[in-house]
Amino acid sequence: MGRAERVILAYSGGVDTSVCIPYLHHEWGVKEVITLAADLGQGDELEPIRLKALKSGATESLVVNATESFIRDYAFAALQANALYENQYPLSTALARPLIAKLLVEAAATYGADAVAHGCTGKGNDQVRFDVSIAALNPRLKVLAPAREWGMSREETIAYGERFGIAAPVKKASPYSIDRNLLGRSIEAGPLEDLEVEPPEEVYLLTRPVADAPDTPEYLEIEFEQGIPTALDQEPLDPVSLVQELNHRAGRHGIGRVDMVENRLVGIKSREVYETPALKVLIQAHRDLESLTLTADITHYKRGIEETYAQLVYNGLWYSPLKPALDAFVSHTQTRVTGTVRLKLFKGNATVVGRRSPYSLYAANLATYGAEDEFDHRAAEGFIYVWGLPTRVWSEKLG
Ligand code: ARG
């Protein structure tokens with residue numbers, strides 16, 4: 001008896017996931033391996049990937065375009081929460097995992113599979129995100145992770161694949177490990193493992209070096225409806241086109257690069273380089289519109305929720321019961337986050353330079369220093385007396 005009869009394998013077309021196919025058959029006695037490649041806008045051609053799975057021994061090879069759901073249900077939900085892991089990483093890779101897990105679980109139901117599989121190793125966050133998401137969506141499904149157990153080096157993996165007709169990578173393998181989707185690119189390993197080495201320009205693809213960015217600033221207006229971006233420069237755009245367009249426009253100005261040492265869930269510190277131009281600009285603009293339309297207490301309280309939200313996404317808990325609870329808070333806060341934010345893109349920076357909203361809480365008659373001022377200055381005195389009372393009493397006790 002093998003470990004499973006019929007398996008749905010998350011497939012990328014790379015060496016590791018390709019080798020998973022014969023490995024599951026021959027080492028773990030799986031009868032049928034059905035591969036699933038998710039199109040999340042990683043820019044790969046999917047037809048050759050579909051065929052490669054079949055050539056590598058898959059019984060069936062599925063390709064699912066999930067870009068729309070990826071942006072609408074995952075990226076924009078995280079945007080409403082201004083989710084940034086450790087204040088910097090907009091979770092471009094992490095957000096894709098629960099969606100892929102959902103596609104795997106759905107395919108398992110459609111094809112009557114008793115297990116799903118992925119090619120993650122035992123050192124990363126992604127294995128946790130897949131395993132926990134799958135368990136949440138269908139706790140009866142088995143999860144197989146061959147690369148976590150096989151103990152083969154890179155060379156051994158390639159050699160194993162060659163025995164089953166899986167060609168070794170033709171070009172000299174890149175020293176980097178790269179994950180890419182519509183939201184951006186994550187780059188690690190190779191020369192980046194030396195924390196003192198500046199990321200070589202070759203790691204970036206979506207963002208120009210600041211030195212080559214245009215010498216004139218570009219202005220950009222982003223429109224939001226209830227916390228969801230809907231138009232750029234007055235042109236209504238569907239979620240996918242909006243992110244694509246914004247990646248392009250902000251990327252040209254060298255916006256959205258991050259180089260950080262982050263804390264992985266498995267306890268390892270790792271150095272990761274990200275480029276996520278659209279998300280960077282969207283979060284900045286969204287935050288600004290919130291400052292205008294939310295009360296001070298909600299804005300401040302939401303900061304804590306945002307931090308928790310980012311950790312939840314990073315730590316693979318998208319389908320945990322905490323998520324809908326946080327969502328309930330976040331969506332409730334978004335009902336008036338409608339309006340337009342104007343930004344200036346220039347030399348690696350996006351700067352908010354203007355904003356307007358039908359729900360603006362900015363009261364010019366209160367804020368102005370001019371003659372139209374309607375604020376009751378004398379009321380401040382009593383307010384300050386009561387506000388400062390506990391501190392005054394405290395100090396009086398000290399004598
Ligand atoms: N550190 C990021 C995360 O855990 C990205 C992981 C994938 N990175 C990569 N370069 N393959 O979400």
Side-chain angles (χ1 to χ4, degrees), residues 41 71-72 75-85 87-92 95 182-185 204-260 274-294 299 302-303 306 310 330 333-334 336-362 364 367:
I71 303 303
R72 202 190 44 219
F76 284 177
L79 168 63
Q80 291 189 315
N82 300 319
L84 287 175
Y85 182 66
N87 251 325
Q88 296 199 76
Y89 164 42
L91 299 157
S92 42
L95 285 163
L182 250 178
L183 297 178
R185 294 172 70 248
Y204 298 108
L205 255 183
L206 308 174
T207 51
R208 276 201 210 168
V210 168
D212 298 348
D215 290 320
T216 41
E218 177 178 341
Y219 288 88
L220 165 73
E221 277 195 0
I222 307 178
E223 215 167 295
F224 290 87
E225 275 169 38
Q226 305 204 326
I228 300 292
T230 53
L232 295 182
D233 289 333
Q234 268 124 58
E235 186 192 348
L237 289 170
D238 65 88
V240 171
S241 314
L242 188 140
V243 168
Q244 280 170 334
E245 171 75 12
L246 203 48
N247 271 333
H248 175 70
R249 287 181 65 177
R252 278 183 65 228
H253 290 275
I255 294 164
R257 292 184 176 185
V258 173
D259 172 0
M260 70 188 281
Y274 299 102
E275 46 178 1
T276 56
L279 271 186
K280 160 89 195 173
V281 173
L282 285 172
I283 291 175
Q284 207 180 336
H286 178 256
R287 267 218 171 115
D288 189 270
L289 191 58
E290 286 192 332
S291 312
L292 183 65
T293 55
L294 301 183
T299 307
K302 188 168 179 280
R303 279 298 163 107
E306 292 172 352
V330 172
T333 62
Q334 299 299 296
R336 296 194 198 182
V337 184
T338 293
T340 304
V341 178
R342 186 154 182 266
L343 301 110
K344 177 155 112 175
L345 313 180
F346 187 53
K347 293 286 181 197
N349 287 304
T351 316
V352 174
V353 293
R355 67 287 277 164
R356 62 176 179 273
S357 164
Y359 301 106
S360 168
L361 300 177
Y362 178 82

For a 4.5 angstrom cut-off between non-hydrogen side-chain atoms, does Leu246 reach Ile222?
yes
Value rounded to 0.5 Å, distance of OG1 in Thr299 from CD in Glu306:
9.0 Å
Checking Ser360 side chain against Ser357 main chain: does a donor-acceptor pair fall under 3.5 Å?
no
Are Thr293 and Thr338 packed together at the side-chain level, in the sense that at least one heavy-atom pair is separated by less than 4.5 angstrom?
no
Minimum heavy-atom distance between Leu91 and Ala83, given as atom pair plus value
CD1-CB, 3.7 Å
Once side-chain hydrogen bond (donor to acceptor under 3.5 Å, both in side chains) is applied, do any residues pair with Ser241, and if so which ones, sequence neighbours excluded?
Asp238
Closest approach of Gly339 and Pro358, non-hydrogen atoms and distance?
CA-CD, 4.4 Å
What are the two closest non-hydrogen atoms of Leu343 and Ala350, and how far apart are they?
CD2-CB, 4.2 Å
Between Tyr89 and Val258, is there a side-chain heavy-atom distance shorter than 4.5 Å?
no
Review item, side-chain donor-acceptor pairs of residues 207-217, under 3.5 Å, at least two apart:
unit_1	atom_1	unit_2	atom_2	d
Thr207	OG1	Arg257	NE	2.8
Thr207	OG1	Glu275	OE1	2.5
Arg208	NH1	Asp212	O	3.2
Asp215	OD1	Lys347	NZ	3.0

4.5 Å side-chain heavy-atom contact, Leu242 and Ile71:
no
Test side-chain contact (heavy atoms from CB on, under 4.5 Å) applied to Ile228 - qualifying residues, sequence neighbours left out
Phe76, Gln80
If you measure from CD1 on Ile283 to CG on Asp288, what distance do you get to the nearest 0.5 Å?
13.5 Å
Gap separating the CG atom of Leu220 from the CD1 atom of Ile255, nearest 0.5 angstrom
9.0 Å
Nearest 0.5 Å, what's the OG1-CG distance between Thr276 and Leu183?
8.5 Å
Any pair counted as salt bridge (charged side-chain N to carboxylate O under 4.0 Å, His left out), so long as it reaches residues 218-233, sequence neighbours left out
Glu218-Arg249, Glu218-Arg252, Glu221-Arg356, Asp233-Arg249
Apply the test side chain to side chain contact (heavy atoms under 4.5 Å, CB included) to residues Gln284 and Val341: give CA-CA distance (whole Å), side-chain angles for both, the deciding distance (0.1 Å), then the verdict.
CA-CA 10 Å; Gln284 207 180 336; Val341 178; over 6 Å; no
Under-4.0 Å salt bridge between Arg287 and Glu290
no
If you look only at pairs with a residue in residues 224-245, which of them pass as a ring pair (Phe, Tyr, Trp, His ring centres under 6.0 Å), with sequence neighbours excluded?
Phe224-His286
Please tell me if the side chains of Asn247 and Pro277 come closer than 4.5 Å, counting only heavy atoms from C-beta onward.
yes
Beyond-backbone contact of Tyr274 with Gln88, side-chain heavy atoms, under 4.5 angstrom
no
Quick one: pull up CG in Leu237 and OG1 in Thr230 and give me the separation to the nearest 0.5 Å.
9.0 Å
Sorted by chain and residue number, the salt bridge (Lys or Arg N to Asp or Glu O under 4.0 Å) partners of Arg342 (sequence neighbours excluded) come out as none
One should read off an interatomic distance between Leu282 CG and Leu232 CG, to the nearest 0.5 angstrom, of 8.0 Å
